[in-house]
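This report concerns only the one structure given below.
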Amino acid sequence: MVNFKYIKAIPGSNNSKFPNCTSLLIDDGDIIALIDPGAGQGALLNATGNCRVNILINTHYHFDHISGNYLFPDAQLFVNPIEIDCFPNLKEVAKLLGIEEIYGREGTLDWIKRVSAPHSPQSEFSPSNRHEWWMSTRFSASPYSYDREWNIGKVRVIMIHTPGHTSGFCCPYFPDEGLVYTGDIDLTNFGPWYAGSDGSIEKFIASAYRIAQLDADWFLTGHQVGMITKAEFISKLDQYIDIIDKRNKRLNSLLESGIQPKELHQYGLLYSPEYQVDPWIYMWERITIRKHLELNSSKKG
Ligand SMILES: [Zn+2]
């Protein structure tokens with residue numbers, strides 16, 4: 001485990017696999033801040049003990065990075081300026097995430113009804129109906145600035161805008177500690193995720209290579225991989241980004257074999273068809289296909 005003066009990684013439950021993530025604790029002796037409280041209730045309460053959390057920071061609005069906001073109702077919440085309208089507004093979440101694109105306004109209202117209720121039936125494949133969606137977006141937030149120095153007590157952080165995973169997604173960079181929290185540029189075998197309505201393949205790639213240039217010794221991913229050196233991050237990055245190309249090649253070969261674009265989701269570019277019984281998995285599969293088709297036609301054009 002690497003030790004930093006004021007920063008501690010909080011490994012999430014189940015190896016920080018989705019729908020959990022690795023969270024970050026900042027404690028300079030005066031101020032306690034949590035970045036992306038998605039590690040799971042037990043891990044978060046264990047790490048913060050009986051101390052009052054003053055500041056909560058979300059790198060983006062996704063469930064696995066905000067789910068524990070509600071555990072710290074007295075903290076001041078900071079969110080990126082692009083996604084600030086999600087707090088408190090689940091209609092905005094539905095727009096960015098893809099619910100409105102695939103299921104329309106009615107689907108959005110149905111979803112809000114489900115997550116507002118504490119005991120809605122759950123899916124085993126996604127956190128689509130989890131009540132934390134509602135509880136953790138209920139309070140209003142203040143925006144932080146991108147790409148500018150921000151002092152959280154004695155700790156300097158720069159929220160590097162790294163769009164692609166979501167439009168507002170950012171990676172906290174701690175120049176004094178030589179640490180980057182790469183969040184969902186996570187180097188997992190699953191590969192890059194840009195399946196929300198607001199995701200972008202091209203921006204994801206550009207952002208991933210941008211953070212690889214930062215002057216930092218340590219890179220902490222939000223899921224599974226965890227704390228690695230800069231050299232390790234760079235050495236794994238090409239293979240991770242290459243998964244996008246593999247998806248694209250598969251999509252093109254399906255099209256060449258005569259499969260119609262509207263049938264493509266049945267072949268599981270991102271998620272195997274058996275998981276698509278979950279309405280969100282189906283939704284993200286469809287949006288991912290749309291993005292790859294758009295990217296290919298923009299390259300041809
Ligand atoms: Zn995410």
Side-chain angles (χ1 to χ4, degrees), residues 9-24 34-40 44 56-69 77-87 90 92-99 101 115 125-128 130 132-133 136-137 141 144 146 159-172 180-201 203-208 210-211 219-226 240-241 243-244 270-271 275 278 280-281 283-285 287-288 291:
I10 307 172
S13 306
N14 195 21
N15 198 23
S16 300
K17 278 185 189 155
F18 179 83
N20 288 111
C21 77
T22 296
S23 304
L24 272 187
L34 270 177
I35 299 183
D36 285 0
L44 290 168
L56 284 174
I57 299 164
N58 294 156
T59 61
H60 62 304
Y61 67 91
H62 282 166
F63 181 87
D64 50 330
H65 293 256
I66 67 161
S67 60
N69 282 353
L77 176 64
F78 289 89
V79 176
N80 73 63
I82 291 176
E83 296 163 2
I84 189 82
D85 290 346
C86 296
F87 298 83
L90 285 170
E92 181 68 11
V93 172
K95 199 157 92 186
L96 300 179
L97 203 54
I99 301 170
E101 179 178 336
V115 294
F125 302 125
S126 83
S128 49
R130 294 267 294 267
E132 291 98 317
W133 267 120
S136 286
T137 54
Y144 47 73
Y146 290 126
M159 306 301 278
I160 310 278
H161 188 202
T162 47
H165 175 66
T166 72
S167 53
F169 177 65
C170 58
C171 295
V180 188
Y181 177 58
T182 72
D184 284 331
I185 302 176
D186 58 17
L187 305 181
T188 56
N189 295 331
F190 183 87
W193 196 98
Y194 35 77
S197 286
D198 61 342
S200 157
I201 298 172
K203 286 181 183 168
F204 194 112
I205 297 169
S207 292
R210 184 176 172 215
I211 58 164
F219 284 61
L220 175 67
T221 78
H223 301 280
Q224 294 165 265
V225 175
Y240 174 68
I241 293 297
I243 295 171
I244 298 173
L270 197 63
Y271 297 105
Y275 299 121
D278 180 306
W280 276 23
I281 303 285
M283 159 178 105
W284 289 329
E285 182 71 21
I287 296 172
T288 299
K291 285 181 198 297

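Indexing begins at 1, ligand by ligand and atom by atom, following the structure's order.
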Worksheet item: Counting backbone and side-chain atoms alike, does His165 have an N/O/S atom under 2.8 Å from the Zn ion (ligand 1)?
Response: yes
Worksheet item: Between the Zn ion (ligand 1) and Asp64, is there an N, O or S atom separated by less than 2.8 Å?
Response: no
Worksheet entry | Plane angle bin for Trp133 and Trp280 - parallel if under 30°, tilted between 30 and 60°, otherwise perpendicular | perpendicular
Fill in: Angle at the Zn ion (ligand 1) (to 10°), with one arm to NE2 of His60 and the other to ND1 of His62
90°
Worksheet entry | Among the N, O or S atoms of Asp184, the one nearest the Zn ion (ligand 1) | OD2
Worksheet item: Is it the case that Tyr240 and Asp186 place a side-chain donor and acceptor less than 3.5 Å from each other?
Response: yes
Item to complete: Please step through side-chain contact (heavy atoms from CB on, under 4.5 Å) for the pair Thr162 and Ile211, ending with a clear verdict.
Response: CA-CA 8 Å; Thr162 47; Ile211 58 164; 3.5 Å; yes
Discussion item. Walk me through whether Tyr146 and Ile82 qualify under side-chain contact (heavy atoms from CB on, under 4.5 Å).
Written reply: CA-CA 10 Å; Tyr146 290 126; Ile82 291 176; 3.7 Å; yes
